[in-house]
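Convention: sequence-line order gives letters A, B, ...; per-chain numbering from 1.
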Amino acid sequence: MTAGPGSRNFFVGLLKSATSLSQLSQTHAQVIVHGLQYDLAIVTKLTHKLSDVKAIHKARQLFLTIPKPDLFLFNVLVKGFSKNESPLASISLYAHLRNNTSLTPDEFTYAFAISGAVGFKDDKYGILLHSHSVVDGLASNLFVGSALVDLYFKFSQVELAQKVFDGMSERDTVLWNTMISGLARNCCFFGSIRAFSDMFARGMPFDSRTLAAVIPAVAELNELQVGMGIHCLTMKEGMDYDVYVLTGLVSLYSKCGEIDTARFLFGKISHPDVVCYNAMIAGYASNNDTESSVRLFKEFLALGEKVNPSTIVGLIPVSYPFGHLQLTSSIQSFCLKSGFLSDSFVSTALTTVYCRLNEIESARQLFDESPKKSLASWNSMISGCTQNGLTEMAISLFREMMSVFSPNPTTITSILSACAQLGLLSLGKWVHNLIESKNLESNIFVKTALVDMYGKCGSIVEARELFDLMTEKNVVTWNAMISGYGLHGHGNEALELYNEMLHTGVAPNGVTFLSILYACSHTGLVREGDNIFKSMVLDHGFEPLAEHYACMVDILGRAGQLVQALEFIRKMPIEPGVVVWGSLLGACMTHKDKSIARVASEKLFELDPGNTGYYVLLSNIYSADRNFPKAALVRQVVKNRKLEKTPGCTLIEIGETTHVFTAGDRSHPRTMEIYAMLDKLTGKLKEGGFQTETITALHDIEEEEKELMVKVHSEKLAIAFGLIATEPGTEIRIIKNLRVCLDCHNATKLISKITERVIVVRDANRFHHFKDGVCSCGDYW
DNA sequence: ATAGGGTTAG
């Protein structure tokens, strides 16, 4: 047949060039006029084009008019449903084809259906299609394999994706590209780069898509050198004018802080589109150049171009929120007016900034009012709570979320952080099971968070086991393990690990030094701490922050070298702030040094008049020195200024249930038994010659204060409850929100001996393992 | 069947 007017080829040609629904409808009308409405070539082309212009319902209606569609037409509609986010329609059509026709699905059917299955909430349909494709002998086809690899990556099933990839007998550029971008999108940044160099080493031809896929991984790792290598490669291959590659490079250089190079490359793009602008706007914002970011945004608007949600997201000062409350609310009003606020990416970014600005109420309002809550929206609200210490709210949001979404690695990481903060080992273990059942163990964030959680919940051995099993570790992973050892007072293990870390070539950061100094402090390793501090400056060129100085003061102070500590502070090149003086005051309490305490506390009252902790510490110092009038005076100051001290409370988990006790608490259902146990213990303690410090410290203190001190401290109640609620001989673990007091510390030592129990206490500062009358902290805390 | 920018996490 020729292409003359009214012929099949004529209509097919007409359809090919059509770009709008109205053109397609007109042509369709003419097709009917010419009696060609059942011509499969024409119908297939029309179906294809209808789904291209998103008129998927029309495509479906057309399909239904065809009495005997062939496999090609089925495939076109399966693809149409998949591309138009109708996964259910796509898989139903596939099932219909498979079960109710004489046709057999081919590699295209599977490839299209699998790519549609990505749109489901979970991966069960994808797995079903995978197994069917295995049965039909098509799973090792390149098209099907690529679609499967992509599918598993979209569901964070990195290992399954890898398995499919490894099992392929043949690999082409597309399959490699899918692998490289999938790894990058699943935070396997090293893996992504490794796959790229593997591909390169095997002589597999790569294209600009390959580079565009690997660049984000390089950017995420801040691997400037690797990035520059890839940049050279793009020039060598003549791909340095590819807009995708250039955009990726703009983002890469921005993320590595090379904003000038980013700007230069942006200038090289002949016709930058909105995505390029977005990368540059976000680049400025993430380099703390809010002004340029806003300027470029306005420039882009002035061009009459339409911004998209990503433009706004890049503009929102997520990385440098401080001092930009005004800008943030301006952006919010702009979004409200232009309708961007309903975009979940935008509202998520705004929620995050408000959380980082400690404007939790604004964040919560935004979150509650956002019409389409994505998993990321929930994650940003949950992590915002976690980071602001609102851990209970975080956990209740998490429970609420679970009925709508299945948690992803980000959610898991946030919630593990909440568990770590609260010491909720049982919830932490539950999350660990969840991770295993969901196969999310390959994520480095998740594993690091697990190590951190076990360390902070007292299971240091468990933490180490997980740590050792990790094949990929970054600086945060090492930091988590080192600080875990620090919390438990295992300074030597921390030092060993630190050296091992240096050996493996991972560069330490500020947190590493903080963790290792902290570990030295809690183990009384003065000389080692001093060496680390010096090496930090001399070998690693690291500029110590106030926190690092505070740690050194802590080290000297805990070791009783208070004069040296004061001397050290006087020599500091930066202004010693609250943390530094606070450390000194804490040390003065331990060593009962009034005169230096007075120096430190005067500084603190001046710097941070609203904080009660220092008043309490100072008053305790006076009390310990039997200077009750002075102690009362300090407490009076607290009262006059209407400063409230944080009430102490202690938490204990029995099985899955958490019990919280406050001082003198009588609200627990087993109160009678608890107090009876306490009486029994007190009797035995007295027999052992133990004297309560509080009783002797009751002169000259107001009635109200006296009462407070007479009240049984919450940790004793929790321990007594632990003794009656658990099997003899088992370990008791409790968590206190404040630092454990001297009296409770002494009592716990003896209780551990009398009852032959190991008692693990996590206080605000560290872990204490009581066993046989001795505490692991060596009375250093 | 694959690609660039933007949200969430340790």
Regarding [X], tell me which of base, sugar-phosphate or nothing describes its non-hydrogen contacts under 4.0 Å with the strands shown.
| X | result |
| --- | --- |
| A/Ser380 | sugar-phosphate |
| A/Phe112 | sugar-phosphate |
| A/Ile444 | base |
| A/Lys255 | sugar-phosphate |
| A/Val313 | sugar-phosphate |
| A/Asn141 | nothing |
| A/Thr247 | base |
| A/Asn308 | base |
| A/Val243 | base |
| A/Asp207 | nothing |

Revision key, fill the gap. A/Val78 and A/Ala113 have their tightest heavy-atom pair at CG1-N, 3.7 Å
Practice item. Please check if any side-chain donor atom of A/Thr210 sits under 3.5 Å from a side-chain acceptor atom of A/Asn177, or the reverse. Key: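 Looking only at side-chain atoms, A/Asn177 and A/Thr210 do form a donor-acceptor pair, the distance falling under 3.5 Å.
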Check your understanding: Do any of residues 279-290 of chain A sit with a heavy atom less than 4.0 Å from DNA chain B, and if so which?
Key -> A/Ala279, A/Ala282
Point to revise | chain A footprint on DNA chain B, 5' to 3' - any atom under 4.0 Å from a heavy atom | key: B/dA1 to B/dG10
Review point. Checking A/Asn287 side chain against A/Gly283 main chain: does a donor-acceptor pair fall under 3.5 Å?
Key: yes
Review point. Looking only at atom types and distance, does a side-chain atom of A/Gln421 sit under 3.5 Å from a main-chain N or O of A/Thr386, one as donor and one as acceptor?
Key: yes
Point to revise | Charged tip of A/Lys373 within 45° of A/Phe367 ring normal and under 6.0 Å | key: yes
Review point. Cationic tip of A/Arg171 within the cone over A/Phe165's six-membered ring, i.e. under 6.0 Å and within 45° of the normal?
Key: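 Yes, cation above the ring, under 6.0 Å and within 45°.
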Check your understanding: Hey, what's the ring geometry for A/Phe340 with A/Phe334, parallel, tilted or perpendicular (30° and 60° as the breaks)?
Key -> parallel
Review point. Do A/Phe266 and A/Tyr253 have ring centres separated by under 6.0 Å?
Key: no
Exercise for review: Run through A/Phe108, A/Tyr110, A/Phe81 and flag the one making a ring-ring contact (aromatic ring centres under 6.0 Å, His included) with A/Tyr94.
Suggested key: A/Tyr110
